[in-house]
Amino acid sequence: MAHFIKRELETAFVHRFSHGTMPLMNVFKNSFHYHMLSGLNLAYWIYGPSTAQGTPLAAKLGSPFLLSLLTGIFLFAELSNLSTHITLRNLRPPGTRVRRVPYGYGFDLVSCPNYLFETIAWVVIAAMTRSLASVLFLVVSTGQMYLWAVKKHKQYKREFADYPKSRKAMIPFIL
Ligand SMILES: NC(=O)c1ccc[n+]([C@@H]2O[C@H](COP(=O)([O-])OP(=O)(O)OC[C@H]3O[C@@H](n4cnc5c(N)ncnc54)[C@H](OP(=O)(O)O)[C@@H]3O)[C@@H](O)[C@H]2O)c1
């Protein structure tokens with residue numbers, strides 16, 4: 001819930017989008033992704049009767065320390081994701097469609113650190129819940145974000161002749 005509330009708030013108060021709308025088909029594609037694959041799928045398996053019969057998460061994970069560690073990594077990933085979105089916002093003066101090369105936290109390693117940190121957050125959710133439903137959501141989301149990252153990375157290289165050569169698309173030093 002916190003993850004998605006954060007995203008709603010970012011959409012309203014952080015992002016400076018260049019388009020006020022999106023293709024109609026995206027409404028169906030995105031709604032399926034978020035309401036079915038995430039909402040219904042995760043809710044059914046994680047909050048459904050079979051798991052709601054009172055095993056606290058710490059007990060399921062076998063250790064309160066592990067729960068705290070995973071929660072810490074989740075918070076790190078979410079705050080890092082927010083930081084990258086603020087960096088992108090600050091590249092564009094209000095009311096314009098200007099695009100610039102982002103630098104700084106995360107961006108010195110990859111073109112789309114926002115997707116990298118988002119992936120880390122969902123890895124934590126999968127590890128915490130130990131549910132195949134979470135793993136399925138993680139795989140589909142990461143696959144989609146990786147394809148976006150490759151596209152954005154290529155666009156940066158086309159657009160800016162001085163784009164940093166060592167920067168990868170989404171996975172530092174690898175991809
Ligand atoms: N990684 C995630 O956190 C994630 C994953 C899936 C979906 N989403 C959601 O999808 C929406 C878009 O987010 P996103 O993560 O995919 O990021 P994004 O669309 O790549 O970028 C976010 C914002 O930064 C602007 N931007 C990107 N690169 C820029 C540059 N070089 N110079 C100036 N402005 C730039 C974008 O403008 P344009 O409109 O011009 O692109 C957009 O307004 C958000 O609502 C987000 O919550 C996020």
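Both counts, for ligands and for their atoms, begin at 1 and track the order of listing. Predicted model only: the values in this text are computed from it and were never measured.
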Practice problem: Work out which heavy atom in Ser134 is nearest to a heavy atom in Ala126; give both atom names and the distance. | Solution: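 Taking Ser134 first and Ala126 second, the nearest heavy atoms are CB-CA, 3.7 Å.
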Quiz item: Looking at Leu91 and Val98, what are the two nearest heavy atoms and their distance?
Solution: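 Minimum heavy-atom contact is O-CG1, 4.2 Å.
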Atom indices of ligand 1, in the order listed, that fall short of 4.0 Å to a heavy atom of [X]:
X: Leu91; answer: 30 (C), 31 (N), 32 (N), 33 (C)
X: Thr11; answer: 45 (O)
X: Asn81; answer: 1 (N), 2 (C), 3 (O)
X: Tyr34; answer: 6 (C), 7 (C)
X: His85; answer: 3 (O), 15 (O)
X: Trp148; answer: 6 (C)

Quiz item: Under the 6.0 Å and 45° cation-pi test, does Arg167 pair with Tyr163?
Solution: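 Yes, Arg167 and Tyr163 form such a contact.
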Quiz item: Which of parallel (below 30°), tilted (30 to 60°) and perpendicular (above 60°) describes Phe137 and Trp122?
Solution: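 Aromatic pair Phe137/Trp122 classed perpendicular.
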Exercise. Keeping the roles fixed (side chain from Arg100, backbone from Asn90), state whether a donor-acceptor pair exists under 3.5 Å.
Key: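 Pair absent, no side-chain N/O of Arg100 close to backbone of Asn90.
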What protein heavy atom is closest to [atom], reported as residue, atom name and distance in Å?
atom: atom 43 (O) of ligand 1; value: Arg16 O, 3.0 Å
atom: atom 21 (O) of ligand 1; value: Leu88 CD1, 3.7 Å
atom: atom 15 (O) of ligand 1; value: Asn114 ND2, 2.9 Å
atom: atom 20 (O) of ligand 1; value: Lys152 NZ, 2.5 Å
atom: atom 47 (O) of ligand 1; value: Arg7 NE, 3.1 Å
atom: atom 12 (C) of ligand 1; value: Phe17 CE2, 4.0 Å
atom: atom 23 (C) of ligand 1; value: His15 ND1, 3.5 Å
atom: atom 39 (O) of ligand 1; value: Ser18 N, 2.8 Å

Quiz item: Taking atom types as modelled and ignoring hydrogens, do the side chains of Tyr105 and Thr87 form a donor-acceptor contact shorter than 3.5 angstrom?
Solution: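 Per modelled atom types, Tyr105 and Thr87 side chains form no pair under 3.5 Å.
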Please confirm whether [X] comes under 4.0 Å of ligand 1, counting heavy atoms of the residue only.
X: Arg97; value: no
X: Phe117; value: no
X: Trp122; value: no
X: Val14; value: no

[X]-[Y] co-clustered via ILVMFWY side chain contacts under 4.5 Å:
X: Val110; Y: Tyr156; result: no
X: Leu67; Y: Val124; result: yes
X: Leu116; Y: Leu88; result: no
X: Val123; Y: Phe117; result: yes

Self-check item: salt_bridge(Glu118, Arg7) N-O dist < 4.0 Å
Solution: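 The answer is yes: the pair qualifies as a salt bridge.
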Quiz item: Is atom CZ of Phe17 surrounded by more than 12 heavy atoms (other residues, nucleotides or ligands) closer than 6.0 Å?
Solution: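 Count over threshold, so yes.
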Side chain, backbone, both or neither: which applies to [X] and ligand 1 if a contact is any heavy-atom pair less than 4.0 Å apart?
X: Phe4; result: neither
X: Arg100; result: backbone
X: Val101; result: neither

Practice problem: May I ask which of Tyr156, Phe160, Tyr115 has a heavy atom nearer to atom 1 (N) of ligand 1 than the others do? | Solution: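 The option holding the nearest heavy atom is Tyr115.
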Quiz prompt | Per atom 37 (O) of ligand 1, closest listed option by heavy atom (Glu10, Met22, Arg92) | solution =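 Ranked by closest heavy atom to atom 37 (O) of ligand 1, first place is Arg92.
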Quiz item: Any side-chain heavy atom of Met128 within less than 4.5 Å of one from Thr71?
Solution: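 In contact.
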Quiz prompt | 4.5 Å side-chain heavy-atom contact, Arg97 and Arg16 | solution =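 With C-beta onward as the side chain, the pair stays apart.
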